[in-house]
Amino acid sequence: LETGYLPLLTQQGTVEAVFVFFNDLTALRRQLDELREIQQTNEAIIQQNPFPILVWDKTMKVASFNQAFVDVTGFSREMALTLSGKDFHYISQTGGSAADAVHTRRPNKGEAELEFPSGTKHVERYNIPLLDVEGNIRNILTVYNDVTALQRQMEEMKSLKDRADAIIRE
């Protein structure tokens, strides 16, 4: 309960009575607890996720990220906090981008080869617009799937196939 007191004064300025009021905040307190639980769940979904995740603001500056992003890219946590879209070195890319999701307000996906401090990475990326209650872009959630090892294996398999084909032709 929240309480308040309002003194009722006489014309001489002395207290004649005190008006006491109570405000039951139980329902509000429950709602705030529920919001905190939702916020903690959302944080866990991002921070504990094994896939690299970035949250961009609508100007394409990094708003938040998870540890998997730091691990895959090699950016320090301090450096990652200063990144914007222009700081990513794309070697190649196909499909949609986070910037496209800002403009269309629709999810998209694509692939990219990027140069990070940890080296060149091949990633699949999924961009999801996060809208406010009025339908305006609040943020873009980007989830990366690092397929670098798979890409290398495919290249090795192709090379082995090409060599086998050459031997067969001889």
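The basis for the numbers below is simple: all heavy atoms, side chains too, and nothing from hydrogens, waters or symmetry mates. One is the number of the first residue; the rest follow in order along the sequence. Just so it is clear, the structure is predicted and the values come from calculations on it, not from any experiment.
At a threshold of 4.5 Å between non-hydrogen side-chain atoms, the residues I53 and L141 count as touching. D165 has its side chain within reach of K161: a pair of non-hydrogen atoms, C-beta onward, lies under 4.5 Å apart. The shortest side-chain heavy-atom distance between T120 and E113 falls under the 4.5 Å cut-off. Residues H122 and R152 fail the side-chain proximity criterion, which asks for heavy atoms closer than 4.5 Å. Between V123 and N145, the closest side-chain pair of non-hydrogen atoms is not below 4.5 Å.
The number of heavy-atom neighbours closer than 6.0 Å to CZ of R106, taken from other residues, nucleotides and ligands shown, is 12 or below.
Rounding to the nearest 0.5 angstrom, the gap separating the CG atom in L1 from the OG1 atom in T26 is 6.5 Å. Rounding to the nearest 0.5 angstrom, the gap separating the OG atom in S84 from the CE atom in M60 is 8.5 Å. Within the model, atoms OH of Y144 and CZ of F65 stand 13.0 Å from one another, a figure rounded to the nearest 0.5 Å. Atom-to-atom distance recorded for S118:OG and D146:CG is 8.0 Å, nearest 0.5 angstrom. For the atom pair CD1 of I91 and CG of L114, the computed distance is 7.0 Å after rounding to the nearest 0.5 Å. Here E111 contributes atom CD and Q93 contributes atom CD; the two are 11.5 Å apart, rounded to the nearest 0.5 Å.
Contacts classified as salt bridge (Lys or Arg N to Asp or Glu O under 4.0 Å) and involving residues 23-33 (residues at least two apart or in different chains) are given here: D33-R36. Residue pairs that meet the side chain to side chain donor-acceptor pair (under 3.5 Å) test with at least one member in residues 41-55, sequence neighbours left out, do not exist here.
With hydrogens and angles ignored, the 3.5 Å screen pairs a side-chain donor or acceptor of N66 with a backbone N or O of F51. Without hydrogens or angle criteria, T148 side chain to K121 main chain gives no donor-acceptor distance under 3.5 Å. No donor-acceptor pair closer than 3.5 Å links the side chain of R105 to the backbone N or O of L131.
Residues N108 and D100 bring no donor and acceptor atom of their side chains to less than 3.5 Å of each other. With no hydrogens or angles considered, no side-chain donor-acceptor pair links S159 and D162 at under 3.5 Å.
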Q | Candidate pair F19 and Y5, rule side-chain contact (heavy atoms from CB on, under 4.5 Å), full reasoning | A | CA-CA 6 Å; F19 179 72; Y5 305 94; over 6 Å; no

**Request:** Could you please spell out the steps behind the side-chain contact (heavy atoms from CB on, under 4.5 Å) verdict for V102 and I140?
**Result:** CA-CA 7 Å; V102 169; I140 300 293; 3.5 Å; yes

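For Y126, there are no ring-ring contact (aromatic ring centres under 6.0 Å, His included) partners, not counting sequence neighbours.
Shown here for V72 and P52, the closest heavy-atom pair between the two residues is CG2-CG, 3.6 Å. Contact detail for G96 and N127: the closest heavy-atom pair is O-ND2, 3.6 Å.
In terms of hydrophobic clustering, with Ile, Leu, Val, Met, Phe, Trp and Tyr side chains grouped at heavy-atom distances under 4.5 Å, V70 and L54 are assigned to a common cluster.
Ring to ring, W56 and F69 are not that close: their centroids are 6.0 angstrom or more apart.
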